[in-house]
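A quick write-up on the structure given underneath.
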Amino acid sequence: MEFSRETILNWILFTPLVGAVVALFIPREAKAAHRWWANLVMLAGFVASLPLVSWYDKTEAGFQFVFKRPWIPSFNIEYHLGIDGISYLLIMMTTVLGFIAVLSSWAFIQERVKEYYIMFMILQTGMLGVFMALDFVLFYAFWEVMLVPMYFIIGVWGHEQKLYAAIKFFLYTLFGSVLLLLGILAMWYYNGHVLGNPQTFDITKLMQLNLPLEWQKWIFWAFFVAFAIKVPMVPFHTWLPDAHVEAPTAGSVI
């Protein structure tokens, strides 16, 4: 794939995922190799994001570096990426912190080293995808991808009460995921079945819907509670102290 403005988001997004796939073929006993490989992959992801600093036009409104391809044509679901000023900053922060978090795990993680670094690279892809996705199905897929590796990072490599913290984290965020999915489906249904528009999960198009006030209220609360749990905000924050205390340092940072 050519490294260009159009493809840069794909390079940033899939660098850690490809790194995780390659790590599958590195022998489990080669702990040093896994440490070196994971650190190189995360460093490569950070380096791949650096062109955004000069390429991103801060004077231009809307989404940039847009990349769109058909994904599931029967439902008009697209592989659609793009970033704005907020997601640009979050992507840069994620690539920096991801590299630092993996580097900080060098001496701390001694058991199941292979699995740990694979989980972390998958988690990195999920986080980056959330900030890039411009299709709601793609966004939701990346949102859920974050849940599984973080559960294992807390539950396997955490401290004394790690299993309790991991299950609590999983149940809270699963509830938020259900609300998020309901909000997405409500917007999709109103656009396609009430207004009669072509079916789409395109975020940029669904953002322009002129919804009735009652629909706005229910969809707002579905999204609000889902994000409030993930952030987390009071009173949906009680999973966070347990997760922070029990997670390994790198997991707590992320």
Side-chain angles (χ1 to χ4, degrees), residues 13-43 45 93-131 133 138-178 180-181 226-227 229-232 236-254:
L13 179 60
F14 286 107
T15 295
L17 185 60
V18 171
V21 172
V22 173
L24 291 172
F25 300 95
I26 301 175
R28 179 174 282 102
E29 298 76 19
K31 295 182 179 181
H34 281 287
R35 293 187 178 101
W36 278 106
W37 176 247
N39 278 275
L40 287 173
V41 168
M42 300 299 270
L43 178 60
M93 182 177 69
T94 302
T95 57
V96 171
L97 286 180
F99 171 64
I100 293 173
V102 168
L103 182 62
S104 71
S105 304
W106 191 287
F108 181 78
I109 302 299
Q110 297 295 330
E111 301 296 329
R112 297 182 179 271
V113 173
K114 175 177 181 174
E115 291 83 356
Y116 175 83
Y117 286 115
I118 289 175
M119 288 295 107
F120 229 101
M121 287 184 278
I122 294 173
L123 176 62
Q124 183 81 344
T125 295
M127 292 188 294
L128 291 169
V130 163
F131 300 138
L138 187 63
F139 173 84
Y140 188 77
F142 284 123
W143 177 276
E144 291 301 297
V145 163
M146 291 191 298
L147 176 60
V148 177
M150 184 54 79
Y151 170 83
F152 284 110
I153 288 172
I154 298 171
V156 176
W157 295 278
H159 303 295
E160 288 77 8
Q161 300 296 319
K162 58 188 178 183
L163 191 58
Y164 167 78
I167 293 174
K168 190 174 183 180
F169 162 78
F170 183 85
L171 292 177
Y172 267 72
T173 50
L174 180 63
F175 177 70
S177 296
V178 171
L180 178 64
L181 180 60
F227 293 141
I229 291 172
K230 187 68 109 178
V231 168
F236 307 104
H237 68 293
T238 57
W239 65 265
L240 183 65
D242 295 307
H244 261 304
V245 170
E246 301 302 330
T249 302
S252 182
V253 169
I254 295 300

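Throughout, numbering of the chain's residues begins at 1 and tracks the sequence. Please read these numbers as outputs of a predicted model, since none were measured by experiment.
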Closest non-hydrogen atoms of Pro248 and Tyr116, given as atom of the first, atom of the second and distance, are CG-CE1, 4.5 Å
Residues 144-165 vs side-chain hydrogen bond (donor to acceptor under 3.5 Å, both in side chains), sequence neighbours excluded, gives Glu144-Ser177
Closest non-hydrogen atoms of Gly45 and Thr95, given as atom of the first, atom of the second and distance, are O-CG2, 3.9 Å
One should read off an interatomic distance between Leu24 CG and Ile118 CD1, to the nearest 0.5 angstrom, of 4.5 Å
| message | For a 4.5 angstrom cut-off between non-hydrogen side-chain atoms, does Val41 reach Tyr117? | response | no
TODO: Kindly check if the number of other-residue, nucleotide or ligand heavy atoms within 6.0 Å of CZ (Phe170) is above 12?
DONE: no
**Prompt:** Taking the side chain as C-beta and beyond, is there a heavy-atom pair between Arg35 and Val113 under 4.5 Å?
**Reply:** yes
Notebook entry, point to check: So, do Ile100 and Val253 sit near enough that their side-chain heavy atoms are less than 4.5 Å apart?
Noted result: no
Shortest non-hydrogen pair, Met119 vs Pro149, comes out as O-CB, 3.3 Å
* Asked: Is Val145 close to Thr125 at the side-chain level, that is, under 4.5 Å between some pair of heavy atoms?
  -> no
**Prompt:** If you draw a 6.0 Å radius around CH2 in Trp36, do more than 12 non-hydrogen atoms from other residues or ligands fall strictly inside?
**Reply:** no
OG1 of Thr94 to CD of Gln124, rounded to nearest 0.5 Å, is 6.5 Å
When every non-hydrogen atom of Leu128 is compared with those of Pro16, the smallest separation belongs to CD1-CG, 4.5 Å
d(Leu13 CG, Phe142 CZ) to nearest 0.5 Å is 4.5 Å
- Do side-chain atoms of Lys230 reach the backbone of Thr173 as a donor and acceptor pair under 3.5 angstrom? no
Rounded to the nearest 0.5 Å, the CZ atom of Phe152 sits from the CZ atom of Arg112 at a distance of 10.0 Å
Should we say atom CZ of Phe99 is surrounded by more than 12 heavy atoms from elsewhere, each under 6.0 Å from it?
yes
In short, Lys114 meets Ile26 closest at the heavy-atom pair NZ-O, 3.2 Å
Answer whether the closest heavy-atom distance between the side chains of Glu115 and Val156 falls below 4.5 Å. no
Enumerate donor-acceptor pairs with a distance under 3.5 Å from any side-chain N or O in residues 237-244 to protein atoms, sequence neighbours excluded.
residue : atom : partner : partner atom : Å
Thr238  : OG1  : Tyr172  : OH           : 2.4
Trp239  : NE1  : Ile229  : O            : 2.8
Asp242  : OD2  : Lys168  : NZ           : 2.9
His244  : ND1  : Ser252  : OG           : 2.4

Task: Ring centre gap for Phe227 and Trp143 strictly below 6.0 Å - done: yes
For Gly176 and Ala226 the tightest heavy-atom approach is O-CB, 3.2 Å
query: Under 4.5 Å between any side-chain heavy atoms of Leu17 and Met121, yes or no?
result: no
Is a donor on one side and an acceptor on the other found under 3.5 Å between the side chain of His34 and the backbone of Pro27? yes
